[in-house]
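FYI, side chains are in, hydrogens and waters are out, and symmetry mates aren't considered; it's all heavy atoms of this structure.
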Amino acid sequence: MALITNVSDYEELAKQKLPKMVYDFYAGGAEDQWTLKENKEAFSKILFRPRVLIDVSHIDMSTSILGYKISMPIMVAPTALHKLAHQEGEVASAQAAAAAGTIMTLSSWSSCSIEEVSSIAPGLRFFQLSVFKDRDIVQQLVRRAENAGYKAIAVTVDAPRLGRREADVRNRLPENVVLKCFEGLDLSKMDKTKGSGLAAYATSQIDSSLSWKDIKWLQTITGLPILVKGVITAEDARIAIECGVAGIIVSNHGGRQLDYLPATISCLEEVVREAKGRRVPVFLDGGIRRGTDVFKALALGASGVFIGRPVLFALAVDGRAGVRNALRMLRDELEITMALSGCASLKDITRDRVITERDMIRRSRI
């Protein structure tokens, strides 16, 4: 195997190894894919303001998320159908996350069941919930997650319909893909329809009438903390907080929904400003490829970050070991960035350690 020095190396190798339709499914975005690219590129517009002559002989990256201690502020985002990448699927990803001492978020569109992942893979897990028209299905999924020991529900709120992912329309996924979370609910097999099988299936089942009242309803059926995933504006952050959510995940669905949205790192501060006084944690999802990206998100107020595609590509290349290595590389890069910035712990990563484009424009006007 080629020498792997960063998580982006896994994507190049995965592109060579995976069937084209699978790689495109994982890697692709909506329409022109501008937001997909911008999610990564926006990090390059944020620069560091390091401090020197500070004791960084010991770096502490541990943190607490919803009361659960983890080894680092880097967690695994919910992504669909890991078995398209590797035969062990989400089980391998969860095992790698547990070995890294961090949180794995299982997708509603998982190729391993809620119970299978919890019984084989130890560690902390969240469950990502897509809200379906049939609320009985939603209640069953939530109850199963509770019974299997998942610690929080992350509700996707930015997908009342699927974005137009043109590669999926061209390629189509295999018709025998099984969504294990739906076994026993008469929804396991995707409909054999034109276009993307997944798109056709999801479009027919996801409830496009989902609204803030449904977040309130979810709170009546579970005692688990509820996070909302897909908020990018202060206005929606304010409503989410008024609804009593336990956390907000700033996300644009990896550039797979509405194209020409700003990068999530560009939206982070306005959401953080809205949530800070209420002590509601804000997390960043999208575009993370380096430990420096993690540092920048933390400096702008995130309590942690979620990574998606790097996990899938590492899984495709080397299974559980690949995911574990990807998480280790990001951790190592974050540690080096902290040391070179004069930060011995996460609390030292403050807003004045970075300069954004807006900061530079503001300074130029003074």
Using a strict cut-off of less than 4.0 Å between a Lys/Arg side-chain nitrogen and an Asp/Glu carboxylate oxygen, indicate whether [X] and [Y] qualify as a salt bridge.
| X | Y | value |
| --- | --- | --- |
| Glu274 | Arg238 | yes |
| Asp352 | Arg51 | no |
| Arg143 | Glu146 | yes |
| Asp348 | Arg353 | no |

Ring of Phe295, cation from Arg290 - is the NZ or CZ under 6.0 Å from the centre and inside 45° of the axis? no
Going only through I, L, V, M, F, W and Y residues with side-chain contacts under 4.5 Å, is there a path from [X] to [Y]?
| X | Y | answer |
| --- | --- | --- |
| Leu36 | Leu312 | no |
| Ile59 | Val294 | yes |
| Leu47 | Ile349 | no |
| Val7 | Val323 | yes |

Parallel, tilted or perpendicular: which fits the ring planes of Phe313 and Tyr26, with parallel below 30° and perpendicular above 60°?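 Plane angle over 60°, so perpendicular.
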Checking the side chain of [X] only, and the main-chain atoms of [Y] only, is there a donor and an acceptor separated by less than 3.5 Å?
| X | Y | result |
| --- | --- | --- |
| Asp293 | Lys296 | no |
| Thr356 | Asp359 | yes |
| Asp214 | Ser211 | yes |
| Glu38 | Ala263 | no |
| Thr156 | Ser130 | no |
| Asp60 | Ser345 | no |
| Thr105 | Val76 | yes |
| Thr222 | Leu224 | yes |

Does a side chain donor of either [X] or [Y] reach within less than 3.5 Å of an acceptor in the other side chain?
| X | Y | value |
| --- | --- | --- |
| Asn147 | Arg144 | no |
| Thr233 | Glu270 | no |
| Asn252 | Asn39 | yes |
| Arg165 | Gln257 | yes |
| Tyr260 | Asp32 | yes |

Only one of Glu90, Lys83, Glu88 passes side chain to side chain donor-acceptor pair (under 3.5 Å) with Ser111; say which it is. Glu90
Distance in Å, Leu300 CG paired with Ile265 CD1, rounded so as to fall on 0.5 Å steps: 5.0 Å
With a cut-off of 6.0 Å (strictly less than), are more than 12 heavy atoms of other residues, nucleotides or ligands near [atom1] of [X]?
| X | atom1 | value |
| --- | --- | --- |
| Arg358 | CZ | no |
| Lys45 | NZ | yes |
| Lys276 | NZ | no |

If I compare all heavy atoms of Val56 with all of Ala339, which pair ends up nearest, and what's the gap?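 Taking Val56 first and Ala339 second, the nearest heavy atoms are CG2-O, 3.7 Å.
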To check you understand the geometry: which heavy-atom pair defines the closest contact between Arg309 and Gly28, and what is its length? NH2-O, 3.0 Å
